[in-house]
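See below for the structure under consideration.
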Amino acid sequence: QVQLVESGGGLVQAGGSLRLSCAASVPTVNIYSVGWFRQGPGKEREFVATVDWSGGSPLYANSVQGRFTIFRDNAKKTVYLEMNSLKPEDTAVYYCAAGPRAREQPDSYHYWGQGTQVTVAS
């Protein structure tokens, strides 16, 4: 069983930056791909970014490409989402998830965190 805990969310002005962290409870997370998803007010959960177990092959949603960067530190059992040039439409609860494949589909992931709120003020 892998437990994931997100942190780093908060309130930021448009154009600002945040770094989210996804910390795992066990080293076995290092064999999994880890993705970030988000769910805004009144919206469905959507894919943001994912990375495979080695930190390679990052994949991004078009809406965040060039602004967000996903990377991992397996020694720390942690995956990060660096978010720059934030926009009000990035406001959402951000979730990390672990699974066997780095895919955009939520059902590719077996383990989910509880989420961290990101609010971008205009």
Side-chain angles (χ1 to χ4, degrees):
Q1 187 77 8
V2 177
Q3 293 181 324
L4 303 173
V5 179
E6 302 94 337
S7 62
L11 174 64
V12 64
Q13 294 293 315
S17 300
L18 282 174
R19 176 181 288 187
L20 304 184
S21 298
C22 173
S25 58
V26 292
T28 49
V29 74
N30 295 339
I31 67 172
Y32 288 108
S33 298
V34 174
W36 285 94
F37 293 79
R38 66 186 182 186
Q39 187 165 14
K43 299 181 180 179
E44 295 186 353
R45 188 171 298 189
E46 64 174 355
F47 166 75
V48 175
T50 189
V51 66
D52 70 17
W53 69 272
S54 70
S57 305
L59 182 65
Y60 299 94
N62 289 339
S63 59
V64 307
Q65 180 77 47
R67 299 188 297 124
F68 290 12
T69 302
I70 186 171
F71 59 101
R72 66 193 298 166
D73 184 339
N74 284 347
K76 295 183 178 179
K77 300 174 294 182
T78 301
V79 177
Y80 303 92
L81 184 69
E82 183 77 29
M83 306 187 296
N84 297 315
S85 303
L86 282 161
K87 305 174 182 180
E89 50 264 44
D90 294 318
T91 294
V93 177
Y94 283 72
Y95 301 88
C96 66
R101 294 179 180 83
R103 300 280 176 84
E104 297 182 27
Q105 294 76 21
D107 59 8
S108 297
Y109 299 85
H110 300 164
Y111 306 102
W112 290 81
Q114 294 300 307
T116 185
Q117 176 70 47
V118 171
T119 303
V120 184
S122 57

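What's counted below: heavy atoms across the whole structure, side chains too, no hydrogens, waters or symmetry copies. In this text the structure is predicted, and so the values were computed from the model without any measurement.
- Side-chain atoms of Y60 and I70, non-hydrogen and from C-beta on, do get closer than 4.5 Å to each other.
- In terms of heavy atoms, T50 sits closest to G35 at OG1-CA, 3.7 Å.
- Put simply, M83 and F47 are part of two different groups of oily side chains (I, L, V, M, F, W, Y) that touch within less than 4.5 Å, one to the next.
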What's the verdict on side-chain contact (heavy atoms from CB on, under 4.5 Å) for L81 and F68, showing C-alpha distance, side-chain angles and the deciding distance? CA-CA 7 Å; L81 184 69; F68 290 12; 4.2 Å; yes

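- The minimum heavy-atom distance linking A24 with V2 is given by the pair CB-CG1, 4.4 Å.
- Every pair tested for disulfide (SG to SG under 2.5 Å) that includes a residue from residues 28-82 fails, sequence neighbours excluded, so the list is empty.
- Residues in residues 97-122 take part in these ring pair (Phe, Tyr, Trp, His ring centres under 6.0 Å) pairs, two or more places apart or across chains: Y32-Y111, F37-Y109, F37-W112.
- Residues in residues 28-79 take part in no disulfide (SG to SG under 2.5 Å) pair, two or more places apart or across chains.
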Show me the side-chain donor-acceptor pairs of residues 93-108 shorter than 3.5 Å, one per line, residues at least two apart or across chains.
| residue | atom | partner | partner atom | Å |
| --- | --- | --- | --- | --- |
| Y94 | OH | R38 | NH1 | 2.9 |
| Y94 | OH | D90 | O | 2.6 |
| S108 | OG | Q105 | O | 3.4 |

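- In this structure, Q117 and T91 have side chains that are in contact, with non-hydrogen atoms separated by less than 4.5 Å.
- Taking each heavy atom of L18 and L86 in turn, the nearest pair found is N-CD1, 3.9 Å.
- Screening residues 5-20 for side chain to side chain donor-acceptor pair (under 3.5 Å) gives S17-N84, R19-E82 as the qualifying pairs, with residues at least two apart or on separate chains.
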Apply side-chain contact (heavy atoms from CB on, under 4.5 Å) to Q3 and V5, showing your working. CA-CA 7 Å; Q3 293 181 324; V5 179; 5.6 Å; no

Could you check L4 against V29 for side-chain contact (heavy atoms from CB on, under 4.5 Å), going step by step and ending with a plain yes or no? CA-CA 9 Å; L4 303 173; V29 74; 4.3 Å; yes

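- Residues passing the side chain to side chain donor-acceptor pair (under 3.5 Å) test with D52 are S54, sequence neighbours excluded.
- The minimum heavy-atom distance between L20 and W36, with the atom names listed, is CB-CH2, 3.6 Å.
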